[in-house]
Amino acid sequence: METYDALLSSITPATGETRTIFDPATGEAVGEAPVHTVADLDAAVAAAAAAQPAWAAAGHEARSTALLKAADAVERSAEELARLLSREQGKPLNGPNARFEVGACAAWLRAAATTPLEPETVVDDGTTRAVLHYRPIGVVGAIGPWNWPMMITVWQIGPALRMGNTVVVKPSEYTPLSALALIHVINQELPEGLLTVVSGGRDVGEALATHPNVGKIMFTGSTATGKAIIRSSADTVKRLTLELGGNDAGIILPDADPAAIAQDLFWGAFINTGQTCAALKRLYVPDSLYEAVCDELTAVAQSMPMGVGLDEANVLGPLQNRAQYEIVARLVDAARDAGARILTGGNPDTSKPGNFYPATLVADIENTNPLVTEEQFGPALPIIRYSTVDEAVEMANALDVGLGASVWSPDLEAARNVAARLQAGTVWINKHGAVDPRIPFGGAKQSGYGLEFGTEGLKHLGVPQVING
């Protein structure tokens, strides 16, 4: 286990161009990130391609053993990783935040190592025998986001490595230190060349998406960038797994108990201060429960301390970058100007440092308001009235995205019936955003395609091969 200073020093380049990364809560410098080039990317891909055949030949058992050791390494350095993550991304140590994210990294590595994937006998009738296998793709390019920079990177690299691929990671320019530190720790238990991080700008990401020796791209981020990756990957017919924008809807059914669900509703929306693709971003409430839900949510929101992440008392942090802060502020201001009612929040204290925007609840808002139709990706939740469940389903399905959704009711059969009508890759009941390494996860409509997690996630990191005979 390394100390925090030693971990930070291990990822600070001794030579070459660097870029200072600043704490979004305080404005203080966190550390220096390397500025890699397309030439560095080419070298990383070449090393990954050279290392891949031996890694594939090692077999599932050996690869799984290495991933289990990597999970142990992450746990040994968990506190140091969480502290760096908190300073760079802004999320507090406590709550479903930095320590939670580092713990999830270890859990997902273990899940990738232990999830079974056996050859599937498709036909065996005495005349014909056909067996479906999944072979390694080769080199996988993983392009990560800034909101969960460690956890989502593990979602990409864990199953890719388990399936016999090697991986080149391109982290977000906003949070490169977190990815660099995580991969430094994981590489303590992996053979050289299997896992490399290239911390560069947009040109490096574009080169990764078009590289002729990269067989698959995994990307988590905006729909616009996902579309650009689809176009740029076409000439080499790369396989793709894209987890794109969400703007998830939640529907409360008329028999729900507002007090009983308020805490889970809050965290469904405000986990990571709202900076989560599969967070609850628009909430539909029946007329009969509307004011009660507003009151209960307001009480919960006002009880949640927000501040610098290293303060153990805080559970909400800043927006990671100023650009995202401005998006949230613009959408809330537009809702207020349109006559919506601000239940709490909506007035940031601009005299203090950091990208802090208060937890904001917006009531009496039209379903066509930009705060509803655009993904805010921050701590502002619009609460929309409905009269009938059919109306709620129609409003929830009206957008061109469909990552997740949720239905809230003590009547599970009724909730499941409504869930089946929603156009989303995952519909949770009485919870939101509860991803699980055993359960496949992916989007519908323009929220992307491809599956992650579980056996299906492993399959998406292999090339299907049928042996017939």
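- Between F453 and F441, the ring planes lie parallel to each other; the angle is under 30°, not in the 30° to 60° tilted range.
- To the nearest 0.5 Å, the span separating CG on L381 from OG1 on T344 amounts to 12.0 Å.
- Between I157 atom CD1 and I152 atom CD1 the span is 12.5 Å, to the nearest 0.5 Å.
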Go through it in stages, so that I can follow the logic: the residues are R110 and E75, the test is salt bridge (Lys or Arg N to Asp or Glu O under 4.0 Å), and I'd like the CA-CA distance, side-chain angles, deciding distance and then a yes or no. CA-CA 12 Å; R110 291 197 173 98; E75 288 185 336; 3.0 Å; yes
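- In summary, the aromatic rings of F219 and W155 are positioned with their centroids too far apart to meet the 6.0 Å limit.
- Within the model, atoms CG of D72 and CD of Q188 stand 11.5 Å from one another, a figure rounded to the nearest 0.5 Å.
- Within the cation-pi definition used here (under 6.0 Å to the ring centroid, within 45° of the axis), K431 does not qualify as a partner of W267.
- By the 6.0 Å contact criterion, CZ on R438 is open, its count of non-hydrogen atoms from other residues, nucleotides or ligands being 12 or less.
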Decide salt bridge (Lys or Arg N to Asp or Glu O under 4.0 Å) for R336 and D333; before the verdict, give the C-alpha distance in whole Å, the side-chain angles of both, and the deciding distance to 0.1 Å. CA-CA 5 Å; R336 181 192 289 112; D333 289 346; 2.9 Å; yes
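- Atom NZ of K445 has more than 12 neighbouring heavy atoms from other residues, nucleotides or ligands inside a 6.0 Å radius.
- When each of I252, I383, V407, V372 is checked for a side-chain contact (heavy atoms from CB on, under 4.5 Å) with Y284, only V372 meets the rule.
- With rounding to the nearest 0.5 Å, the separation of CZ in R76 from CG in L81 is 11.5 Å.
- Take P379 and apply the side chain to side chain contact (heavy atoms under 4.5 Å, CB included) test, not counting sequence neighbours, and it matches F270, T273, L319, V328, Y357.
- N147 CG to Q324 CD: the interatomic distance, rounded to the nearest 0.5 Å, is 9.5 Å.
- Among T241, N165, V167, the single residue meeting the side-chain contact (heavy atoms from CB on, under 4.5 Å) criterion with L461 is N165.
- Sparse packing is recorded around OH of Y174, with 12 or fewer heavy atoms of other residues, nucleotides or ligands lying under 6.0 Å away.
- For D235, the CG atom counts as loosely surrounded, since its 6.0 Å shell holds 12 or fewer non-hydrogen atoms of other residues, nucleotides or ligands.
- Other residues, nucleotides and ligands place no more than 12 heavy atoms under 6.0 Å from the CZ atom of R202.
- Within 6.0 Å of CD in E366 there are 12 or fewer heavy atoms belonging to other residues, nucleotides or ligands.
- Residues passing the side chain to side chain donor-acceptor pair (under 3.5 Å) test with E88, sequence neighbours excluded: S178.
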